[in-house]
Amino acid sequence: MTKLAPRSHKAAVTGFAASTTTAMAGVLAASAGLFVAGADQAAAQELCSRYTVVRGDTLSEIASTAGVQGGFQFLFNANTNVLRNPNIVEIGQVLVIPCADGALPEATPAAAVATAEPAVEATPEPAAAAPEQAPLRELRVVTSSGYAPFTDRDLPGGGMFTQLVLRAFELGNPDQPVNFFFVNDWNAQLDSLLPSGAIDMAFPWFKPDCDRVEILSEPNAYRCTDFNHSDPFYDALVGYYTLQGSPYENASSAEDLMGARLCRPDAWFTFDMEAEGLVEPAISLTRAPSQLECWRLMDAGEIDVVTYDALPAEEDSRTLGLTDRTVTLDALTTTATLHVFVSKDNEEANAALPIINAGLEQLRLSGEWFTIVRASIQDTVER
(Lines give C-alpha, C1' and ligand atoms only; values in the text may rest on other atoms or scores of the structure.)
Protein backbone atom coordinates (compact mmCIF):
# COMPACT_ATOMS: atom_id res chain seq x y z
CA MET A 1 0.00 0.00 0.00
CA THR A 2 1.01 3.59 -0.42
CA LYS A 3 -0.27 7.01 0.45
CA LEU A 4 -1.22 8.39 -2.96
CA ALA A 5 2.05 7.23 -4.45
CA PRO A 6 0.84 4.18 -6.36
CA ARG A 7 2.58 1.53 -8.46
CA SER A 8 4.69 0.00 -5.71
CA HIS A 9 5.51 -3.27 -7.44
CA LYS A 10 9.14 -3.94 -8.32
CA ALA A 11 10.74 -4.60 -11.67
CA ALA A 12 10.20 -8.14 -12.88
CA VAL A 13 13.16 -10.45 -12.23
CA THR A 14 12.69 -12.16 -15.60
CA GLY A 15 11.91 -10.66 -18.98
CA PHE A 16 13.45 -7.82 -20.88
CA ALA A 17 12.15 -5.58 -23.66
CA ALA A 18 8.39 -5.15 -23.70
CA SER A 19 6.24 -4.69 -26.79
CA THR A 20 7.46 -1.87 -29.02
CA THR A 21 4.09 -1.09 -30.63
CA THR A 22 3.52 2.61 -31.28
CA ALA A 23 -0.05 2.43 -30.00
CA MET A 24 -0.56 4.68 -26.99
CA ALA A 25 -1.74 1.88 -24.74
CA GLY A 26 -1.13 1.07 -21.09
CA VAL A 27 -2.42 -1.35 -18.50
CA LEU A 28 -2.04 -1.69 -14.77
CA ALA A 29 -1.64 -5.03 -12.96
CA ALA A 30 0.39 -6.49 -10.12
CA SER A 31 3.97 -7.72 -10.45
CA ALA A 32 6.50 -8.83 -7.86
CA GLY A 33 10.29 -8.87 -7.62
CA LEU A 34 13.30 -8.33 -5.40
CA PHE A 35 14.67 -4.94 -4.36
CA VAL A 36 18.43 -4.73 -4.67
CA ALA A 37 18.84 -1.19 -5.94
CA GLY A 38 22.00 0.70 -5.12
CA ALA A 39 23.29 4.26 -5.06
CA ASP A 40 24.44 4.17 -8.70
CA GLN A 41 20.92 3.29 -9.80
CA ALA A 42 19.37 6.28 -8.01
CA ALA A 43 21.98 8.67 -9.39
CA ALA A 44 21.17 7.58 -12.95
CA GLN A 45 17.55 8.67 -12.66
CA GLU A 46 17.75 12.26 -13.87
CA LEU A 47 15.50 14.62 -15.79
CA CYS A 48 15.99 14.85 -19.55
CA SER A 49 17.82 11.54 -19.83
CA ARG A 50 17.42 7.86 -20.56
CA TYR A 51 17.37 5.28 -17.83
CA THR A 52 17.78 1.50 -18.01
CA VAL A 53 15.52 -0.38 -15.61
CA VAL A 54 17.29 -2.58 -13.05
CA ARG A 55 16.00 -5.10 -10.55
CA GLY A 56 13.88 -3.49 -7.84
CA ASP A 57 12.72 -0.47 -9.85
CA THR A 58 9.15 0.83 -9.90
CA LEU A 59 7.79 3.52 -12.17
CA SER A 60 6.70 5.70 -9.26
CA GLU A 61 10.15 5.47 -7.61
CA ILE A 62 11.93 6.35 -10.87
CA ALA A 63 9.63 9.37 -11.33
CA SER A 64 10.10 10.44 -7.72
CA THR A 65 13.89 10.09 -7.74
CA ALA A 66 14.22 11.99 -11.00
CA GLY A 67 11.78 14.70 -9.88
CA VAL A 68 9.35 14.23 -12.78
CA GLN A 69 6.55 16.78 -12.54
CA GLY A 70 3.27 14.86 -12.85
CA GLY A 71 4.80 11.75 -11.32
CA PHE A 72 4.42 8.19 -12.54
CA GLN A 73 1.45 9.03 -14.83
CA PHE A 74 3.51 11.55 -16.79
CA LEU A 75 6.50 9.19 -16.94
CA PHE A 76 4.21 6.40 -18.17
CA ASN A 77 2.74 8.63 -20.88
CA ALA A 78 6.26 9.41 -22.09
CA ASN A 79 7.05 5.70 -22.49
CA THR A 80 3.92 4.04 -23.83
CA ASN A 81 5.92 2.77 -26.82
CA VAL A 82 7.90 0.65 -24.35
CA LEU A 83 5.62 0.06 -21.36
CA ARG A 84 2.50 -2.01 -21.63
CA ASN A 85 1.93 -1.92 -17.90
CA PRO A 86 3.05 0.82 -15.48
CA ASN A 87 3.23 -1.70 -12.66
CA ILE A 88 5.45 -4.08 -14.61
CA VAL A 89 8.71 -2.42 -15.55
CA GLU A 90 11.14 -5.05 -16.76
CA ILE A 91 14.86 -5.33 -16.33
CA GLY A 92 16.65 -3.90 -19.37
CA GLN A 93 13.88 -1.61 -20.55
CA VAL A 94 15.17 1.85 -21.51
CA LEU A 95 12.88 4.67 -20.42
CA VAL A 96 12.98 8.31 -21.44
CA ILE A 97 12.73 10.70 -18.49
CA PRO A 98 11.13 14.02 -19.51
CA CYS A 99 12.98 17.30 -19.13
CA ALA A 100 12.06 19.92 -16.55
CA ASP A 101 9.88 21.75 -19.09
CA GLY A 102 8.02 18.52 -19.93
CA ALA A 103 9.73 17.98 -23.27
CA LEU A 104 11.34 14.65 -24.11
CA PRO A 105 15.11 14.22 -24.45
CA GLU A 106 16.40 14.14 -28.02
CA ALA A 107 15.53 10.86 -29.69
CA THR A 108 18.18 8.25 -30.39
CA PRO A 109 18.64 7.21 -34.03
CA ALA A 110 16.66 4.03 -33.36
CA ALA A 111 13.80 5.96 -31.81
CA ALA A 112 13.87 8.45 -34.65
CA VAL A 113 13.43 5.64 -37.14
CA ALA A 114 10.53 4.27 -35.15
CA THR A 115 8.68 7.55 -34.69
CA ALA A 116 9.84 10.53 -36.72
CA GLU A 117 10.20 8.98 -40.19
CA PRO A 118 6.80 7.21 -40.28
CA ALA A 119 5.15 10.45 -39.16
CA VAL A 120 6.49 12.30 -42.23
CA GLU A 121 5.44 9.53 -44.62
CA ALA A 122 2.09 8.72 -43.02
CA THR A 123 0.77 12.24 -42.50
CA PRO A 124 -0.53 12.92 -46.04
CA GLU A 125 -2.20 9.51 -46.52
CA PRO A 126 -5.24 9.75 -44.19
CA ALA A 127 -5.90 13.36 -45.19
CA ALA A 128 -6.12 12.32 -48.85
CA ALA A 129 -8.48 9.40 -48.21
CA ALA A 130 -10.71 10.78 -45.45
CA PRO A 131 -12.67 13.41 -47.45
CA GLU A 132 -14.19 10.63 -49.57
CA GLN A 133 -15.66 9.06 -46.42
CA ALA A 134 -16.66 12.26 -44.67
CA PRO A 135 -20.39 12.90 -44.21
CA LEU A 136 -21.56 16.17 -45.71
CA ARG A 137 -23.68 17.32 -42.81
CA GLU A 138 -22.42 18.79 -39.54
CA LEU A 139 -21.70 16.24 -36.82
CA ARG A 140 -23.06 16.85 -33.33
CA VAL A 141 -20.39 15.82 -30.81
CA VAL A 142 -21.04 15.95 -27.07
CA THR A 143 -19.17 15.54 -23.80
CA SER A 144 -19.75 16.69 -20.22
CA SER A 145 -18.05 18.76 -17.54
CA GLY A 146 -16.73 17.59 -14.19
CA TYR A 147 -14.21 15.05 -15.44
CA ALA A 148 -10.90 16.86 -15.08
CA PRO A 149 -8.36 16.66 -16.63
CA PHE A 150 -10.20 14.88 -19.46
CA THR A 151 -13.28 17.05 -20.01
CA ASP A 152 -14.52 20.20 -18.35
CA ARG A 153 -15.90 23.43 -19.77
CA ASP A 154 -13.57 25.49 -17.53
CA LEU A 155 -10.35 23.67 -18.52
CA PRO A 156 -8.08 24.92 -21.33
CA GLY A 157 -9.51 23.66 -24.60
CA GLY A 158 -12.31 21.91 -22.73
CA GLY A 159 -9.88 19.37 -21.25
CA MET A 160 -7.35 16.85 -22.50
CA PHE A 161 -9.76 14.50 -24.24
CA THR A 162 -11.72 17.31 -25.85
CA GLN A 163 -8.53 18.72 -27.35
CA LEU A 164 -7.51 15.29 -28.66
CA VAL A 165 -10.88 14.65 -30.30
CA LEU A 166 -11.16 18.05 -31.97
CA ARG A 167 -7.56 17.87 -33.16
CA ALA A 168 -8.17 14.36 -34.54
CA PHE A 169 -11.05 15.77 -36.61
CA GLU A 170 -8.84 18.56 -37.92
CA LEU A 171 -6.10 16.15 -38.96
CA GLY A 172 -8.42 13.45 -40.28
CA ASN A 173 -10.48 15.82 -42.42
CA PRO A 174 -10.33 19.59 -41.81
CA ASP A 175 -13.41 20.06 -44.04
CA GLN A 176 -15.69 18.02 -41.79
CA PRO A 177 -18.02 20.42 -39.91
CA VAL A 178 -18.38 19.62 -36.20
CA ASN A 179 -20.71 21.15 -33.64
CA PHE A 180 -19.17 20.43 -30.24
CA PHE A 181 -21.00 21.09 -26.97
CA PHE A 182 -21.35 20.06 -23.31
CA VAL A 183 -24.37 18.21 -21.90
CA ASN A 184 -23.91 17.69 -18.17
CA ASP A 185 -25.84 14.45 -17.93
CA TRP A 186 -23.54 11.51 -18.54
CA ASN A 187 -26.30 8.88 -18.37
CA ALA A 188 -28.39 10.63 -21.01
CA GLN A 189 -25.60 10.40 -23.57
CA LEU A 190 -25.81 6.60 -23.95
CA ASP A 191 -29.36 6.11 -22.70
CA SER A 192 -31.15 8.51 -25.03
CA LEU A 193 -29.08 11.09 -26.93
CA LEU A 194 -27.00 8.69 -29.04
CA PRO A 195 -29.74 6.06 -29.61
CA SER A 196 -32.28 8.70 -30.67
CA GLY A 197 -29.89 10.41 -33.07
CA ALA A 198 -30.10 13.70 -31.17
CA ILE A 199 -26.29 13.59 -31.12
CA ASP A 200 -23.86 11.72 -33.35
CA MET A 201 -20.87 11.12 -31.08
CA ALA A 202 -20.17 11.14 -27.35
CA PHE A 203 -16.94 11.04 -25.37
CA PRO A 204 -15.04 10.01 -23.33
CA TRP A 205 -16.54 6.60 -22.64
CA PHE A 206 -14.91 3.42 -21.39
CA LYS A 207 -15.25 0.30 -23.51
CA PRO A 208 -15.49 -3.19 -21.97
CA ASP A 209 -13.82 -6.21 -23.49
CA CYS A 210 -16.42 -6.74 -26.21
CA ASP A 211 -14.99 -10.19 -26.97
CA ARG A 212 -16.39 -11.29 -23.59
CA VAL A 213 -19.89 -9.84 -23.69
CA GLU A 214 -21.25 -12.99 -22.07
CA ILE A 215 -19.65 -12.12 -18.72
CA LEU A 216 -21.03 -8.57 -18.66
CA SER A 217 -24.20 -7.34 -16.99
CA GLU A 218 -26.84 -5.90 -19.31
CA PRO A 219 -25.89 -2.22 -18.72
CA ASN A 220 -22.24 -2.97 -19.52
CA ALA A 221 -22.92 -5.35 -22.42
CA TYR A 222 -25.00 -2.52 -23.92
CA ARG A 223 -21.80 -0.58 -24.57
CA CYS A 224 -20.76 -3.38 -26.94
CA THR A 225 -24.05 -4.44 -28.48
CA ASP A 226 -25.48 -1.00 -29.31
CA PHE A 227 -22.44 1.16 -30.01
CA ASN A 228 -19.36 1.29 -32.19
CA HIS A 229 -16.18 2.87 -30.92
CA SER A 230 -13.19 4.88 -32.08
CA ASP A 231 -9.70 3.59 -31.53
CA PRO A 232 -8.59 4.14 -27.91
CA PHE A 233 -7.54 7.71 -27.19
CA TYR A 234 -6.23 7.10 -23.69
CA ASP A 235 -5.60 4.28 -21.24
CA ALA A 236 -6.90 5.35 -17.85
CA LEU A 237 -5.67 3.79 -14.64
CA VAL A 238 -8.59 2.81 -12.41
CA GLY A 239 -7.66 3.05 -8.74
CA TYR A 240 -8.96 1.80 -5.40
CA TYR A 241 -8.55 4.00 -2.33
CA THR A 242 -9.26 3.74 1.37
CA LEU A 243 -8.30 5.70 4.50
CA GLN A 244 -5.59 4.97 7.03
CA GLY A 245 -6.91 2.72 9.78
CA SER A 246 -9.45 1.10 7.49
CA PRO A 247 -9.75 -2.70 7.79
CA TYR A 248 -9.05 -2.77 4.04
CA GLU A 249 -5.84 -0.71 3.94
CA ASN A 250 -3.75 -3.84 3.36
CA ALA A 251 -6.01 -5.31 0.66
CA SER A 252 -3.94 -6.84 -2.13
CA SER A 253 -6.60 -8.75 -4.08
CA ALA A 254 -10.28 -8.54 -4.92
CA GLU A 255 -10.95 -11.28 -2.39
CA ASP A 256 -9.67 -8.98 0.35
CA LEU A 257 -12.51 -6.55 -0.41
CA MET A 258 -15.30 -9.07 0.05
CA GLY A 259 -17.77 -7.59 2.52
CA ALA A 260 -16.52 -4.03 1.96
CA ARG A 261 -18.67 -1.01 1.15
CA LEU A 262 -17.44 0.42 -2.16
CA CYS A 263 -18.34 3.68 -3.88
CA ARG A 264 -18.06 4.34 -7.60
CA PRO A 265 -19.57 7.49 -9.15
CA ASP A 266 -22.84 7.15 -11.02
CA ALA A 267 -22.52 6.66 -14.80
CA TRP A 268 -19.15 4.99 -14.31
CA PHE A 269 -18.74 1.46 -15.63
CA THR A 270 -18.58 -1.59 -13.39
CA PHE A 271 -17.43 -4.19 -15.91
CA ASP A 272 -13.97 -4.35 -14.32
CA MET A 273 -15.54 -5.04 -10.93
CA GLU A 274 -17.77 -7.74 -12.41
CA ALA A 275 -14.70 -9.50 -13.81
CA GLU A 276 -13.20 -9.61 -10.30
CA GLY A 277 -16.39 -10.75 -8.55
CA LEU A 278 -16.84 -7.37 -6.84
CA VAL A 279 -20.62 -7.44 -7.17
CA GLU A 280 -23.47 -7.50 -4.69
CA PRO A 281 -24.03 -9.26 -2.37
CA ALA A 282 -20.30 -10.05 -2.08
CA ILE A 283 -19.75 -6.31 -1.64
CA SER A 284 -22.00 -3.33 -1.06
CA LEU A 285 -21.86 -0.81 -3.93
CA THR A 286 -22.88 2.84 -3.63
CA ARG A 287 -23.34 4.83 -6.86
CA ALA A 288 -22.74 8.41 -5.74
CA PRO A 289 -23.97 11.30 -7.92
CA SER A 290 -20.45 12.75 -8.17
CA GLN A 291 -16.79 11.83 -7.73
CA LEU A 292 -16.35 14.11 -4.73
CA GLU A 293 -19.40 12.62 -3.03
CA CYS A 294 -17.68 9.22 -2.91
CA TRP A 295 -14.78 10.78 -1.00
CA ARG A 296 -17.14 12.61 1.35
CA LEU A 297 -18.98 9.38 2.12
CA MET A 298 -15.70 7.62 2.89
CA ASP A 299 -14.54 10.51 5.08
CA ALA A 300 -17.86 10.26 6.97
CA GLY A 301 -17.36 6.52 7.53
CA GLU A 302 -20.33 5.53 5.37
CA ILE A 303 -18.28 3.57 2.83
CA ASP A 304 -14.89 1.84 2.98
CA VAL A 305 -13.34 2.13 -0.48
CA VAL A 306 -13.53 4.68 -3.31
CA THR A 307 -12.83 3.44 -6.83
CA TYR A 308 -12.66 5.17 -10.22
CA ASP A 309 -10.14 6.72 -12.62
CA ALA A 310 -6.86 7.26 -10.78
CA LEU A 311 -5.94 10.63 -12.30
CA PRO A 312 -9.10 12.55 -11.28
CA ALA A 313 -9.49 10.44 -8.12
CA GLU A 314 -6.15 11.51 -6.72
CA GLU A 315 -6.85 15.12 -7.68
CA ASP A 316 -10.24 14.90 -5.92
CA SER A 317 -8.55 13.57 -2.81
CA ARG A 318 -6.26 16.60 -2.80
CA THR A 319 -9.20 18.92 -3.38
CA LEU A 320 -10.90 17.66 -0.20
CA GLY A 321 -7.67 17.69 1.83
CA LEU A 322 -7.61 13.91 2.28
CA THR A 323 -4.24 13.18 0.66
CA ASP A 324 -2.34 12.57 3.91
CA ARG A 325 -4.96 10.07 5.07
CA THR A 326 -5.53 8.28 1.78
CA VAL A 327 -4.09 4.85 1.07
CA THR A 328 -3.85 3.64 -2.53
CA LEU A 329 -4.50 -0.09 -2.95
CA ASP A 330 -1.86 -0.57 -5.62
CA ALA A 331 -2.41 -4.24 -6.40
CA LEU A 332 -6.07 -3.63 -7.22
CA THR A 333 -5.48 -0.89 -9.79
CA THR A 334 -6.59 -1.83 -13.31
CA THR A 335 -6.87 -0.11 -16.66
CA ALA A 336 -9.61 0.78 -19.13
CA THR A 337 -9.52 2.50 -22.51
CA LEU A 338 -11.37 5.73 -23.33
CA HIS A 339 -13.12 6.11 -26.68
CA VAL A 340 -15.57 8.10 -28.77
CA PHE A 341 -18.89 6.22 -28.98
CA VAL A 342 -21.43 6.25 -31.84
CA SER A 343 -24.74 4.45 -32.19
CA LYS A 344 -24.61 1.47 -34.53
CA ASP A 345 -27.76 2.82 -36.19
CA ASN A 346 -26.23 6.21 -37.09
CA GLU A 347 -24.78 5.80 -40.60
CA GLU A 348 -23.19 9.26 -40.81
CA ALA A 349 -21.49 8.88 -37.43
CA ASN A 350 -20.14 5.45 -38.30
CA ALA A 351 -18.83 6.78 -41.60
CA ALA A 352 -16.96 9.47 -39.65
CA LEU A 353 -15.13 7.08 -37.32
CA PRO A 354 -12.31 6.55 -39.88
CA ILE A 355 -11.76 10.32 -39.86
CA ILE A 356 -11.22 10.33 -36.10
CA ASN A 357 -9.03 7.22 -36.20
CA ALA A 358 -6.88 8.63 -39.01
CA GLY A 359 -6.42 11.90 -37.11
CA LEU A 360 -5.63 10.05 -33.89
CA GLU A 361 -2.95 8.03 -35.66
CA GLN A 362 -1.35 11.25 -36.89
CA LEU A 363 -1.44 12.65 -33.37
CA ARG A 364 0.45 9.64 -32.12
CA LEU A 365 3.02 9.50 -34.88
CA SER A 366 3.82 13.19 -34.73
CA GLY A 367 4.13 13.29 -30.93
CA GLU A 368 1.33 15.85 -30.64
CA TRP A 369 -0.71 13.35 -28.59
CA PHE A 370 1.93 13.42 -25.89
CA THR A 371 2.26 17.21 -26.04
CA ILE A 372 -1.47 17.65 -25.36
CA VAL A 373 -1.53 15.04 -22.60
CA ARG A 374 1.61 16.47 -20.99
CA ALA A 375 0.22 20.00 -20.90
CA SER A 376 -3.09 18.81 -19.43
CA ILE A 377 -1.48 16.78 -16.67
CA GLN A 378 0.91 19.62 -15.81
CA ASP A 379 -2.01 22.04 -15.67
CA THR A 380 -3.81 19.65 -13.30
CA VAL A 381 -0.74 19.37 -11.06
CA GLU A 382 -0.26 23.15 -10.97
CA ARG A 383 -3.91 23.77 -10.17
Side-chain angles (χ1 to χ4, degrees), residues 27-29 140-144 146-147 150-151 161 183-240 253-255 257-291 293-294 297 303-309 312-313 332-347 349-350 353:
V27 295
L28 189 61
R140 302 176 298 271
V141 183
V142 68
T143 188
S144 182
Y147 187 27
F150 299 102
T151 59
F161 206 102
V183 172
N184 291 332
D185 184 345
W186 287 105
N187 286 322
Q189 293 182 21
L190 299 192
D191 290 347
S192 60
L193 296 179
L194 279 179
S196 69
I199 60 173
D200 299 301
M201 298 182 167
F203 70 85
W205 284 93
F206 289 96
K207 183 174 79 71
D209 182 354
C210 291
D211 293 330
R212 303 180 66 198
V213 176
E214 69 280 359
I215 73 168
L216 301 174
S217 64
E218 184 176 349
N220 288 320
Y222 178 63
R223 299 190 183 205
C224 295
T225 59
D226 288 56
F227 302 98
N228 287 323
H229 326 89
S230 70
D231 290 341
F233 272 76
Y234 192 86
D235 287 73
L237 309 180
V238 183
Y240 287 75
S253 69
E255 291 184 358
L257 293 184
M258 296 306 169
R261 300 167 298 172
L262 276 65
C263 183
R264 180 164 283 184
D266 191 24
W268 270 72
F269 62 87
T270 56
F271 50 79
D272 60 323
M273 300 173 69
E274 291 171 9
E276 296 294 334
L278 294 174
V279 296
E280 295 181 325
I283 56 96
S284 172
L285 179 61
T286 296
R287 303 287 274 166
S290 69
Q291 297 167 189
E293 184 61 20
C294 275
L297 289 172
I303 60 103
D304 303 304
V305 176
V306 167
T307 171
Y308 60 99
D309 188 343
L332 297 176
T333 310
T334 57
T335 189
T337 52
L338 283 163
H339 303 253
V340 175
F341 274 32
V342 303
S343 170
K344 288 186 175 181
D345 296 329
N346 188 322
E347 293 184 6
N350 281 278
L353 279 180

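Just so it is clear, the model here is predicted, and its values are computed rather than measured.
Interatomic distance, SG of C224 versus CZ of R212, reported as 11.5 Å (0.5 Å rounding). How far CG of L194 is from CG of N346: 8.0 Å, rounded to the nearest 0.5 Å. Going from atom OG of S144 over to atom CG of N184 covers 4.0 Å, rounded to the nearest 0.5 Å.
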For residues 272-282, which side-chain N or O atoms pair as donor and acceptor with protein atoms under 3.5 Å away, sequence neighbours left out?
{"from": "D272", "atom 1": "OD1", "to": "R264", "atom 2": "NH1", "distance (Å)": "2.6"}
{"from": "D272", "atom 1": "OD2", "to": "R264", "atom 2": "NH1", "distance (Å)": "3.3"}
{"from": "D272", "atom 1": "OD2", "to": "R264", "atom 2": "NH2", "distance (Å)": "3.1"}
{"from": "E274", "atom 1": "OE1", "to": "S217", "atom 2": "N", "distance (Å)": "3.0"}
{"from": "E274", "atom 1": "OE2", "to": "S217", "atom 2": "OG", "distance (Å)": "2.6"}
{"from": "E274", "atom 1": "OE2", "to": "N220", "atom 2": "ND2", "distance (Å)": "2.7"}
{"from": "E274", "atom 1": "OE2", "to": "T270", "atom 2": "OG1", "distance (Å)": "3.4"}
{"from": "E280", "atom 1": "OE2", "to": "L285", "atom 2": "N", "distance (Å)": "3.1"}

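In terms of the ring pair (Phe, Tyr, Trp, His ring centres under 6.0 Å) criterion, Y240 has no residue partners (sequence neighbours excluded). Under the salt bridge (charged side-chain N to carboxylate O under 4.0 Å, His left out) criterion, R140 pairs with D200, not counting sequence neighbours. Partners of W186 under the ring pair (Phe, Tyr, Trp, His ring centres under 6.0 Å) rule, at least two apart in sequence or in another chain, are W205. Legend: residues meeting ring pair (Phe, Tyr, Trp, His ring centres under 6.0 Å) with F271, ordered by chain and number and at least two apart, are F269. Listed by chain and number, the residues in a side-chain hydrogen bond (donor to acceptor under 3.5 Å, both in side chains) with Y147 are D309 (sequence neighbours excluded).
R223 places no side-chain N or O within donor-acceptor distance of the main-chain N or O of C210, the cut-off being under 3.5 Å. In this structure, T307 contributes its side chain and G239 its backbone to a donor-acceptor pair below 3.5 Å. Listed for the S343 side chain is a donor-acceptor partner under 3.5 Å among the backbone atoms of D345. Side chain of T335 to main chain of L237: no donor-acceptor pair is present (N/O by atom type, distance under 3.5 Å, no hydrogens or angles). Counting only distance, with no hydrogens or angles, the side chain of K344 and the backbone of N350 share no donor-acceptor pair below 3.5 Å.
Side-chain contact between F206 and W268: present, with at least one pair of heavy atoms (C-beta onward) separated by less than 4.5 Å. Within the 4.5 Å cutoff, the side chain of P204 has heavy atoms near those of the T143 side chain.
Between F233 and F161, the ring planes lie tilted relative to each other; the angle falls in the 30° to 60° range. Relative ring orientation between F341 and F227 is described as tilted, the plane-to-plane angle lying within the 30° to 60° band.
By the 6.0 Å contact criterion, CZ on R287 is enclosed, its count of non-hydrogen atoms from other residues, nucleotides or ligands being greater than 12.
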